[in-house]
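Take a look at the structure below.
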Amino acid sequence: MSEMAKQILRRDERFVEIQAWASPSVWTDQMLKTLHRGVERGKWYSLSDKLMRKNNIMEAWEKVCSNKGSHGVDMISTERYESELEHNNAKLLEELQDGRYDPRAVRRVGIPKGDGRKTRPLGIPTVRDRVVQTALKHVIEPIFDIDFSPYSFGFRPKLGCKDALRRVNELLKQGYLYVMDADIQSYFDTIPHEKLMSRVKEKIIDGKILDLIEQFLKANIFDGLKHWEPEEGTPQGGIISPLLANIYLDPFDHKMTEAGFEIVRYADDFLIMCKSKESAKRALRKTRRWMKANGLKLHPEKTRIADMTEKCEYFEFLGYHFERTRNTHRIKRWPRKQSLKKCKDAIRKKTRRSNKDSIEDIIAYLRPNLVGWYQYFKHSTVYAMRGIDEFTRRRLRSIIAKYNRKKGSHRMIDTRKYNKAYFTDLGFFSLEEVWKLEFQSLRSKH
DNA sequence: GGCAGTTACAC
RNA sequence: GUUGUGUAACUGCC
């Protein structure tokens, strides 16, 4: 099948998804039909009337309210907005229709990110502006999402990191072992406005909508006493920002795919996976060129090529650590959802009745849920398990504690804590990292 | 099946 | 002081 035919097929598939999540107060059957059929010359002319429907504004407000977010520069909280909800919404609608609407500045807040001491600059719009942005997103998201690359997974409805990771695993299995791991330097803050707007204009003609987007990009930033107008970037914390971020990088996805590269992208974090070192290097060169031409810069330290044919090579992606270890390990997949309940019941019944209390017995019962057990130290074993209810877990702990007194060195790990990393349903597992996390404190004591 | 509430992860 | 998008899991109720 040609690349073109595949593309059309994927578009159809995605349409079915979109149908399910598109906001019904905007996306009527007629509109959806138009979305599927494709619009004249691929551009949408009248959208602002959909944005300004009362239903849409109300729905948007409910979404903003349910997020329980903080106030913006005007100090109006969601509670205060709600106390005069009818009035506020009516005023907002009026302003939008008159073209008098103007977004307020965003409130700058720094939040610590990850484990480093760096802070992430946040721009919090006012509640009122969050409502408008949500309403706007409901209108434009399906228009762009339907043609997004199927290899872009970040910030997209019904797609999550697991989908991206599944693809990574699939490609590794197929022998794509040269992995270009790229990171764009402060991506959100460096997206050029002009170029971004021209991407938006490829699909939307409606001037009111375009003005609105531009106004959100140009909204002032208030940081304490200072305030300024940003000349680049989209505010982190803005509701449409993630969507805009995807719109800007979408041509890159398609370009790399057309060039024959396998890309896996999650927002600004992406991998290009290749079967040879040479082609990985070519991918890197091509990526650098595209980023430069589009006003973006790759992070010099975080961007590199990992050769996964080498023993101790690794790369990190979406919180998972991919590594080829010396002792290749047996990995059990997570239990399937349907079988999980059955399994739980069996375990509960068995552990309640049984007085044998032998570790081996329990392992036998848990086998379907056992991720793996590993010799990490001369006399110790780690039992890793998941999908077990509170009662069973407590019982197991006491059993293991008893067992420990006799033989020592047995520990149980609750894998739910490590959902983030290191235990995966993908066939990768780094024992060293688990050791680090679980036994750090133990080690420091001795 | 549905609905609500929470936590936890990615960016 | 903590915004946003998305996903997942848990709990409760009918």
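Worth saying up front: this structure is predicted, and the values here are computed from it rather than measured. Hydrogens, waters and symmetry mates are skipped; everything else that's a heavy atom, side chains included, is used. Convention: sequence-line order gives letters A, B, ...; per-chain numbering from 1.
One can place CG of A:Asp269 at 16 Å from C1' of C:U7, the figure rounded to the nearest angstrom. In this entry the distance linking CH2 of A:Trp21 with P of C:U5 reads 13 Å, nearest Å. Rounded to whole Å, atom C1' of C:G4 lies 9 Å from atom NZ of A:Lys63. Going from atom CD1 of A:Ile239 over to atom C1' of C:U2 covers 15 Å, rounded to whole Å. A straight line from CD of A:Gln236 to C1' of C:U2 spans 13 Å, rounded to a whole angstrom. For the pair A:Arg156 CZ and C:G4 C1', the interatomic distance rounds to 18 Å; values are reported in whole Å. In this structure, A:Phe216 places its CZ atom 13 Å from P of C:U5, rounding to the nearest Å. Separating the CZ atom of A:Phe148 from the C1' atom of C:G6 is a distance of 13 Å, rounded to the nearest angstrom.
Here the nucleotide nearest the side chain of A:Leu122, chosen from C:G6, B:dA10, C:U3, is C:U3. For A:Ala267, counting side-chain heavy atoms from C-beta on, the closest listed nucleotide (C:U5, B:dT6, B:dC11) is B:dC11. Of the listed nucleotides (C:U2, C:G6, B:dC11), C:U2 has the atom at the smallest distance from the side chain of A:Val109. The side chain of A:Ile124 lies closest to C:U3, out of B:dA10, B:dC11, C:U3. When distances run from any side-chain atom of A:Ser70 to the nucleotides C:U7, C:U2, B:dC11, the shortest one goes to C:U2. Of the candidate nucleotides B:dT6, C:G6, C:U7, C:G6 has the atom nearest to the side chain of A:Lys137. In the set C:U5, B:dA10, C:U2, C:U2 carries the atom at the smallest distance from any side-chain atom of A:Arg107.
Using a 30° and 60° split on the angle between ring planes, A:Tyr266 and A:Phe155 fall in the tilted class, from 30° to 60°. A:Trp27 and A:Trp44 have perpendicular rings, their planes meeting at more than 60° on a 0 to 90° scale where under 30° would count as parallel.
OP1 or OP2 of C:U3 has not a single side-chain nitrogen or oxygen of A:Arg130 nearer than 4.0 Å. Not one side-chain nitrogen or oxygen of A:Asn67 sits closer than 4.0 Å to the OP1 or OP2 atom of C:U2.
Using modelled atom types and a 3.5 Å distance limit, the side chains of A:Asn89 and A:Tyr81 yield a donor-acceptor pair. Donor-acceptor pairing under 3.5 Å is recorded for the side chains of A:Arg199 and A:Asn294. Judged purely by distance below 3.5 Å, without hydrogens or angles, the side chains of A:Ser23 and A:Glu59 pair a donor atom with an acceptor atom.
When the nearest nucleotides of RNA chain C are assigned to A:Phe188 and A:Gly160 by heavy-atom distance, the more 5′-ward of the two goes with A:Phe188. Sequence order on RNA chain C of the closest nucleotides to A:Glu141 and A:Gly237 puts A:Gly237 first from the 5' end.
Contact annotation for A:Gly238: backbone-only contact, meaning every heavy-atom pair under 4.0 Å involves sugar-phosphate atoms and none involves a base. Contact annotation for A:Asp163: no contact, since no heavy-atom pair falls under 4.0 Å across all strands. Within the 4.0 angstrom heavy-atom criterion, only backbone atoms of the sugar-phosphate kind lie near A:Leu159; the bases stay farther away. Within 4.0 Å of A:Ile111, counting heavy atoms only, lies at least one base atom of the nucleic acid.
C:G1 is unpaired under the criterion used here, namely a Watson-Crick or G-U wobble arrangement in which both key atom distances are under 3.5 Å. With a 3.5 Å ceiling on both atom-pair distances, the Watson-Crick or G-U wobble partner of B:dA4 is C:U11.
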**Asked** Given A:Arg104 and A:Thr126, is the side-chain hydrogen bond (donor to acceptor under 3.5 Å, both in side chains) satisfied, shown in steps?
**Response** CA-CA 7 Å; A:Arg104 302 290 312 272; A:Thr126 62; over 6 Å; no
